[in-house]
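Below, chains carry the letters A, B, ... as their sequence lines are ordered, and counting in each starts from 1.
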Number of protein chains: 2
Amino acid sequence: MVGIKEVARQAGVSVGTVSNVINRPETVAEETRTRVQSVIARLHYVRSESARQLRAGASRLMALLVLDMGNPFFVAVASGAERAARQAGLVVMVCNSAQSVSEEMDYLSLFAEHRVRGVLVTPADPTGRSLDVLRGQNIPFVLVDRVGGLDDTGCSVSVDDVAGGRLAARHLVAAGHRAVVYVGGPPELPQVRDRRAGVLAALAEAGLPAEALIDVTAERLDVAAGRDAGARLLGLSPRPTAVFCANDLLALGVLQALFAAGVGVPDEIALVGYDDIEFAAAAAVPLTSVRQPAVAMGRLAAEMLMDETGPDAGRHEHRQVVLQPELVVRGSSLRR
Amino acid sequence: MVGIKEVARQAGVSVGTVSNVINRPETVAEETRTRVQSVIARLHYVRSESARQLRAGASRLMALLVLDMGNPFFVAVASGAERAARQAGLVVMVCNSAQSVSEEMDYLSLFAEHRVRGVLVTPADPTGRSLDVLRGQNIPFVLVDRVGGLDDTGCSVSVDDVAGGRLAARHLVAAGHRAVVYVGGPPELPQVRDRRAGVLAALAEAGLPAEALIDVTAERLDVAAGRDAGARLLGLSPRPTAVFCANDLLALGVLQALFAAGVGVPDEIALVGYDDIEFAAAAAVPLTSVRQPAVAMGRLAAEMLMDETGPDAGRHEHRQVVLQPELVVRGSSLRR
DNA sequence: CAGCACGCATGAATCGTTTCATTATTCGCA
DNA sequence: TGCGAATAATGAAACGATTCATGCGTGCTG
């Protein structure tokens, strides 16, 4: 495998000069530079990133660890982060913890071994201890879709999930529903809990008792779990008239279950999702949903990370950005 | 930052021994091993992957470069690949070329610099020259959803797109349609061309002329482009009765456009998509689609790559695996 | 004309591991 | 008792880049 030494030899210069041609071309005389560059091209020389990083210290990798790659919401976050990072010359490596704490720890260790420039993470571990491996290596991270823990608070970008839940529930209550089924996921997830809290708040505002919230808990936050939850909520009596799901995948699953059972949406049951993924608008019945600014979150998170690791990282201040969600009303919640 | 040297010093052993504790624990005495391990834990020592890779030569990274992360089909491919790779102790880094040749080249160069173990790629560049940077570094790659070029043929996993197109068109012809609109994407993409060829074959089988295929070309293969194409095909005269889209995202977009125009599906226009993504079944009208074994493709591709780079890579033989697609009939193509 | 600054190139030291030939120690067995 | 084998640990040489103090020659300035 041809290295910098071979290039130097064939170009008749020292390795230091070749390195300069690559990294600080302006410090090398025109004539030398082109000669070296042509040798590089001729030999198909490709610099070894591991050697570079070992000596220079800094990696060009930024990691993004999401809860569920199957969820278009996270795909949108990833694309926002990727765009911002690439403008700064970084590559984003996107990984999927699939909501498993052990997967998450595996990945974070790997990131630490790679000495990545920084990590954007939507933690699966509610305790936040899995991030210790990053803290130990002084690898900065930004929490995405989750505000910091108690003790130390680094940067984070999130959306006000309580407000989102409230928006959804207010909308349903305003349409005359006196009880709301909340199809949540694993209760360890703060997003799931916060959205539920928003529902409770909205019910209280309307003078309804806490019992007006009926919990149906899905195993995971995906379409299959939603179908399952949908079947279960049809068994409730009295049959609910309003259903709010912790995300759109669940809502689409619920919708399929209701469809299969011949239950009309929105006539018999009004349905609201969360995230406003692209497919929500294209659903069997266009889905009312709480929109999160996913791409912006990804972009912001990446920018904050780069500020923290960039040239003037000294003057970096941790920020906890909280964005506001927005209700998008479509057919699934509109009584005809 | 604590390195192997510091661990060795505090444990009272040589660096070689520490390395052995990490990489070949069975070769070091029980007592020494636990002592070293406890020092590692106490100091939060994390090995430097770049140093490891520089010396040992082999990376633990496998790259996956897809055409469009926004397409659930590729997400499924990624999850199949990831699962297989992780069982072999590799991490997959998923990147998105977004069908841009220059993005693709950037990423492939980066992979080459990182000396990744191998690359799974759905090439955006139809010439295949962008893969030269990998060939130059002897980095093996597996083509996903695309058979090899002309000169050299490495491994590939693909689905018979001609057969898929034929399945879709046969289905429409059997339902009595005498002409079919094909909503394709960028004609450089072999997938787009092959599916079209399948349509032509099915029309020929049925004794229909080639003019029975009407082309509508979308800019990209996503929902927005589909909406656009949908609006355009409504301007055709006579108005078509059957539409086949190069993928489900386009089909969902077309569906939205038809919906917006008040055109009934399947009554006025029958619609067939491709990929059978999860959201096809949940669409406004459940979408008939050609199913591809996406997860299996990802898994197979990763396995083939690992065979090529694994312990007995010497006996590796390149294979071009072609899988068969399957038609899933749903409401969007069933005349009531 | 001495002195200085500047532009360019050099080459050795360094990053943190792995690997391997070598040494030291113990053990079993004739 | 002596010897070969097996077992543990050592320490130095890579791996392939970056970086930096150094040297050399040129042109400018006072």
Discussion item. Strictly distance-based, threshold 3.5 Å: is any side-chain N or O of A:Gln292 a donor or acceptor partner for the main-chain N or O of A:Phe73?
Written reply: no
Worksheet entry | Any donor-acceptor pair under 3.5 Å from A:Ser19 side chain to A:Val15 backbone | no
Using whole Å, report how far [atom1] of [X] lies from [atom2] of [N].
X        : N      : atom1 : atom2 : value
B:Tyr45  : C:dG16 : OH    : P     : 10 Å
B:Arg9   : D:dG11 : CZ    : P     : 15 Å
A:Asn23  : D:dT19 : CG    : P     : 7 Å
A:Arg52  : C:dG16 : CZ    : C1'   : 15 Å
B:Lys5   : C:dT18 : NZ    : C1'   : 13 Å
A:Ile22  : D:dT19 : CD1   : C1'   : 14 Å
A:Glu113 : C:dG16 : CD    : P     : 15 Å
B:His114 : D:dC15 : NE2   : P     : 21 Å

Discussion item. Looking at A:Asp68 and A:Arg220, is any side-chain nitrogen of the basic one under 4.0 Å from a carboxylate oxygen of the acidic one?
Written reply: no
Sugar-phosphate only, base, or nothing, as touched by [X] at under 4.0 Å among non-hydrogen atoms:
X       : result
B:Thr17 : base
A:Ser50 : nothing
B:Gly16 : base
A:Val18 : nothing

Candidate nucleotides [options], ranked by approach to the side chain of [X] - the nearest:
X       : options               : value
B:Thr32 : D:dA8, C:dT10, C:dA9  : D:dA8
B:Ala29 : D:dT18, D:dA8, D:dT19 : D:dA8
A:Leu54 : D:dA9, D:dT19, C:dG16 : C:dG16

Worksheet entry | Test side chain to side chain contact (heavy atoms under 4.5 Å, CB included) applied to B:Glu113 and A:Glu49, A:Arg52, A:Gln53, the passing residue | A:Glu49
For a quick test of reading the model: is some side-chain N or O of [X] closer than 4.0 Å to OP1 or OP2 of [N]?
X        : N      : answer
B:Arg115 : D:dG16 : no
B:Ser48  : C:dG16 : no
B:Arg33  : D:dA8  : no
A:Asn20  : C:dC8  : no

Fill in: Check: C:dT17 base within 3.5 Å donor-acceptor of B:Arg55 side chain
no
Worksheet item: So do the side chains of B:Leu134 and B:Leu108 get within less than 4.5 Å of each other, counting heavy atoms only?
Response: yes
Worksheet item: Would you say the side-chain atoms of A:Ser156 and A:Gln320 include a donor-acceptor pair closer than 3.5 Å?
Response: no
Practice prompt. Would you kindly compare A:Ser19 and B:Ala51 by the position of their nearest DNA chain D nucleotide and give the one closer to the 5′ end?
Written response: B:Ala51
Response to the item:
Contacts of A:Val15 and A:Glu30 projected onto DNA chain C by closest heavy atom; the upstream (5') one is A:Glu30
